[in-house]
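Take a look at the structure set out below.
Computed from heavy atoms alone, side chains included, the values below leave out hydrogens, waters and symmetry copies. Since we're looking at a predicted model, the values are computed, not measured.
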Amino acid sequence: MATGHLHRGSLIVPPSRMAEPADSSRKTAITPRREEDFPEWYQQVIRAAELAEPSEVRGCMVIRPWGYGIWENMQRQLDAMFRATGHRNAYFPLLIPLSYFAKEAEHVKGFAKECAVVTHSRLEGDADGKLMPSSALTEPLVIRPTSETIIGASYAKWVQSYRDLPILINQWANVVRWEMRPRLFLRTTEFLWQEGHTVHETEAEARAETRQMLEVYGRFVCDHLAVPVFSGEKSESERFPGAVQTLSIEAMVQDRKAIQAGTSHFLGQNFSRASGIQFQNREGKQEFGWTTSWGMSTRLVGTLVMAHGDDDGLVLPPRIAPTQVVILPITPKEETRGAVLEACDKLAKQLREIRYVDLPIEVEVDRRDVGGGVKNWEWIKKGVPLRVEIGPRDLESARVTVSRRDQSVKMKESMSMQEFVSCAPEVLDSIQRNLFERAKKFRDEYTRVIDSKQEFYDFFTPGDAAKPEIHGGFALAHWDGSREVEEQIKNDLKVTIRVIPLDDSSEPGKCIFTGKPSSRRVIWAKAY
């Protein structure tokens, strides 16, 4: 165990050995390990960290306080970014008349199989006392899978003139999309999200809005969640139903699959025509509005687990952690308990007076009357960035023992209380940076430029014993734009185009599948 009176720099700068493979002989808090069964490891981390659990309603989840605390931080921080770009929050109905969906054929076709429908308004007991639906609705109501249609109905009343534009509104809500193969946070029948919906006077303004919100999502996921992303446009087959253009950010997690971490849609005038969003333009003529929508969901909590977690549990970036520093009193004897707790409370007070990323540091003192080892492992599994131990001996020397969650659980450092107080924001910032750099290094290692069909199939086909380390990840390969090619690759390998990059580094070439001209490489991957 690495302990002792170490130099403060070793706490701030992570050691190089962090990049080495995990010690497979060490007993870990989570079984199975990631390399043994990644899907099951994911479920066990969620359980051990007390993030969420399946509910009695199939396909739905109960988000526990620790998991909801992470979501609340995401919500607060994203909402501040939305407000900074001029957006305001509102709320629209959960229940949407079926006729609203019928107005936009492509949209309803895209969501039809996922919709939950309310058909009755009352329950009555039969002769045996069994409750049954009894009063059929005049028109069925769809529980919102997304809100373009119901929000469009309101916008059609609000917009009369170009002077009423733009409308820049977001809502935080729940949605329901019937899920046959649920997985906590990643795919559940009911989940939480935000959905922005805007109307603009011109096509150029709406396209700029679509790009701006993608950039907001990219900054949030990189800077707050410490997850690097690729951004770009979805292919036509992956586009949001009814959209003219869908932009997305894509993250790679530790089993080298992609997770769509946020989307922004340019809807053109499609939904305006369906909902009747018209305005008198500057020339006095009637024109349909140009609309956008964009969203992120609780799927990001699952992304965090898969991007940063290790074989001992969750690892949280400090900016998103509900608790950034947990103080663990070590009280082997009752006669010293009061003094130790007093010292812990004093340290917590000092830390809360310090700001990290312009907010007070979030500190918790674990006063529970349970063993110190049990406490320590519970907080390790929850992923708290910094754990601080204070015992009777520490009081004599005014020192604390500090552990970083992004380092080995065996690594600890002893330092004076005042030294820790003064460097705490710097250490948190170091953890945040280190998690991003570690995730980016991993992503870049498994992102390959591929120039032949055979190489592409080998890359995404498991069982290559000679080169197991290169299997799977993101492939940068030329594609001729053919939907038939997309479908063939999806059927053969379960691989899809994640994004067509938007940057200016286009590199003309030939499609690796057909030999036809290709304007640029696109990013392919298996995905959740």
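Proximity of Arg76 to Asn73: side-chain heavy atoms (C-beta onward) are separated by under 4.5 Å at one or more points. Within the 4.5 Å cutoff, the side chain of Arg299 has heavy atoms near those of the Thr303 side chain. Residues Trp377 and Val409 meet the side-chain proximity criterion, which asks for heavy atoms closer than 4.5 Å. A 4.5 Å side-chain heavy-atom check between Arg498 and Thr496 finds at least one atom pair inside the cut-off. Inter-residue side-chain proximity for Leu192 and Trp172 is flagged as unmet; no heavy-atom pair is nearer than 4.5 Å. Residues Trp71 and Phe185 fail the side-chain proximity criterion, which asks for heavy atoms closer than 4.5 Å. Proximity of Glu195 to Arg144: side-chain heavy atoms (C-beta onward) are separated by under 4.5 Å at one or more points. For the pair Gln260 and Lys234, the minimum side-chain heavy-atom distance is below 4.5 Å.
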Q.
Pair Asn170, Asp79 - check side-chain contact (heavy atoms from CB on, under 4.5 Å), show working.
A. CA-CA 9 Å; Asn170 173 67; Asp79 202 64; 4.2 Å; yes
Q: Would you check, one step at a time, whether the test salt bridge (Lys or Arg N to Asp or Glu O under 4.0 Å) holds for Glu378 with Arg387?
A: CA-CA 11 Å; Glu378 285 186 5; Arg387 307 185 308 282; over 6 Å; no
Q: For Trp294 and Val216, run side-chain contact (heavy atoms from CB on, under 4.5 Å): C-alpha distance rounded to whole Å, both residues' side-chain angles, the deciding distance at 0.1 Å, then the answer.
A: CA-CA 11 Å; Trp294 29 272; Val216 167; over 6 Å; no
Q | Verdict with reasoning, Val357 to Gln432, per side-chain contact (heavy atoms from CB on, under 4.5 Å) | A | CA-CA 11 Å; Val357 288; Gln432 184 80 26; over 6 Å; no
Q.
Show, in sequence, the C-alpha distance, side-chain angles and deciding distance for Ile70 and Leu314, and conclude whether the side-chain contact (heavy atoms from CB on, under 4.5 Å) test is met.
A. CA-CA 12 Å; Ile70 295 170; Leu314 188 60; 4.2 Å; yes
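Formation of a donor-acceptor pair under 3.5 Å by the Glu36 side chain with backbone atoms of Arg33 is found in this model. Judged by distance alone, with hydrogens and angles left aside, the side-chain atoms of Gln77 form no donor-acceptor pair with the main-chain N or O of His224 at under 3.5 Å. Remark: side-chain polar atoms of Glu190 are not paired, donor with acceptor, to backbone N or O of Val176 under 3.5 angstrom. Remark: side-chain polar atoms of Glu233 are not paired, donor with acceptor, to backbone N or O of Ile500 under 3.5 angstrom. A donor-acceptor contact shorter than 3.5 Å is absent between the side chain of Arg521 and the backbone of Val449. Between the side chain of Lys375 and the backbone N or O of Asp366, at least one donor-acceptor pair lies under 3.5 Å. Judged by distance alone, with hydrogens and angles left aside, the side-chain atoms of Tyr457 form no donor-acceptor pair with the main-chain N or O of Ser452 at under 3.5 Å. For the pair Trp66 (side chain) and Lys382 (backbone), a donor-acceptor distance under 3.5 Å is present. Under a 3.5 Å cut-off, the side chain of Arg443 and the backbone N or O of Met252 do not form any donor-acceptor pair. The backbone N or O of Ile380 sits less than 3.5 Å from a side-chain atom of Arg405, completing a donor-acceptor pair.
With respect to Asp345 and Arg367, a salt bridge is recorded, a charged nitrogen being found less than 4.0 Å from a carboxylate O. Checked for salt-bridge contact, Arg433 and Asp429 meet the test: a charged N lies under 4.0 Å from a carboxylate O. Under 4.0 Å is where a charged nitrogen must lie from a carboxylate oxygen, and between Arg448 and Glu455 no such pair does. By the 4.0 Å N-to-carboxylate-O rule, Lys441 lies too far from Asp444 to be salt-bridged with it.
Residues Arg34 and Gln254 have side chains that bring a donor and an acceptor to within less than 3.5 angstrom of each other. Using modelled atom types and a 3.5 Å distance limit, the side chains of Thr210 and Ser264 yield no donor-acceptor pair. Looking at His265 and Thr246, their side chains do bring a donor and an acceptor atom within 3.5 Å of each other. Thr85 and Gln212 are not linked by any side-chain donor-acceptor pair at a separation below 3.5 angstrom, with hydrogens and angles left out of the test.
A pairwise comparison of heavy atoms in Thr292 and Leu267 identifies C-CD1, 3.9 Å as the closest pair. Residue Tyr356 comes nearest to Ile361 through the heavy atom pair CB-CG1, 3.9 Å, listed as atom of the first residue, atom of the second, then distance. Nearest heavy atoms, Ser55 versus Val62: CB-CG2, 3.8 Å. For the residue pair Tyr217 and Thr263, the shortest heavy atom distance occurs at CE1-O, 3.4 Å. Here the closest non-hydrogen pair linking Ala261 and Leu300 is O-CD2, 3.5 Å. For Pro32 against Gln44, the heavy-atom pair with the smallest separation is CD-CG, 4.4 Å.
Proximity of the aromatic rings of Tyr446 and Phe442 is defined here by a centroid distance below 6.0 angstrom, and this criterion is met. With ring centers used as reference points, Trp524 lies 6.0 Å or more from Phe460.
Atom NZ in Lys440 sits 15.0 Å away from atom CG in Leu435 (nearest 0.5 Å). Rounding to the nearest 0.5 Å gives a distance of 6.5 Å between OG1 of Thr28 and CZ of Arg26. Put simply, CD on Gln350 and CE on Met417 are 8.5 Å apart, with the number rounded to the nearest 0.5 Å. The CG atom of Leu168 sits 9.0 Å away from atom CE of Met213, with the distance rounded to the nearest 0.5 Å. The distance from the NE2 atom of His308 to the CG atom of Asn434 is 10.0 Å, given to the nearest 0.5 Å. In this structure, CE on Met81 lies 7.0 Å from CG on Asp223, to the nearest 0.5 angstrom.
Taking the six-membered ring where tryptophan is involved, the planes of Trp193 and Phe191 are perpendicular, since the angle between them exceeds 60° and thus also 30°. In this structure, Phe230 and Phe474 have tilted ring planes: the angle between them lies in the 30° to 60° band.
For NZ of Lys526, the number of neighbouring non-hydrogen atoms (other residues, nucleotides, ligands) closer than 6.0 Å is greater than 12. Atom CZ of Arg393 has 12 or fewer neighbouring heavy atoms from other residues, nucleotides or ligands inside a 6.0 Å radius. Crowding of Glu342 atom CD: a count of heavy atoms from other residues, nucleotides or ligands under 6.0 Å not exceeding 12. Summarising the local packing, CZ of Arg181 is surrounded by 12 or fewer heavy atoms from other residues, nucleotides or ligands at distances under 6.0 Å.
Judged by the 6.0 Å distance and 45° axis criteria, Arg256 is not positioned over the aromatic ring of Phe38.
Between Ile30 and the options Val45, Asp312, Asp310, a side chain to side chain contact (heavy atoms under 4.5 Å, CB included) holds for only Val45.
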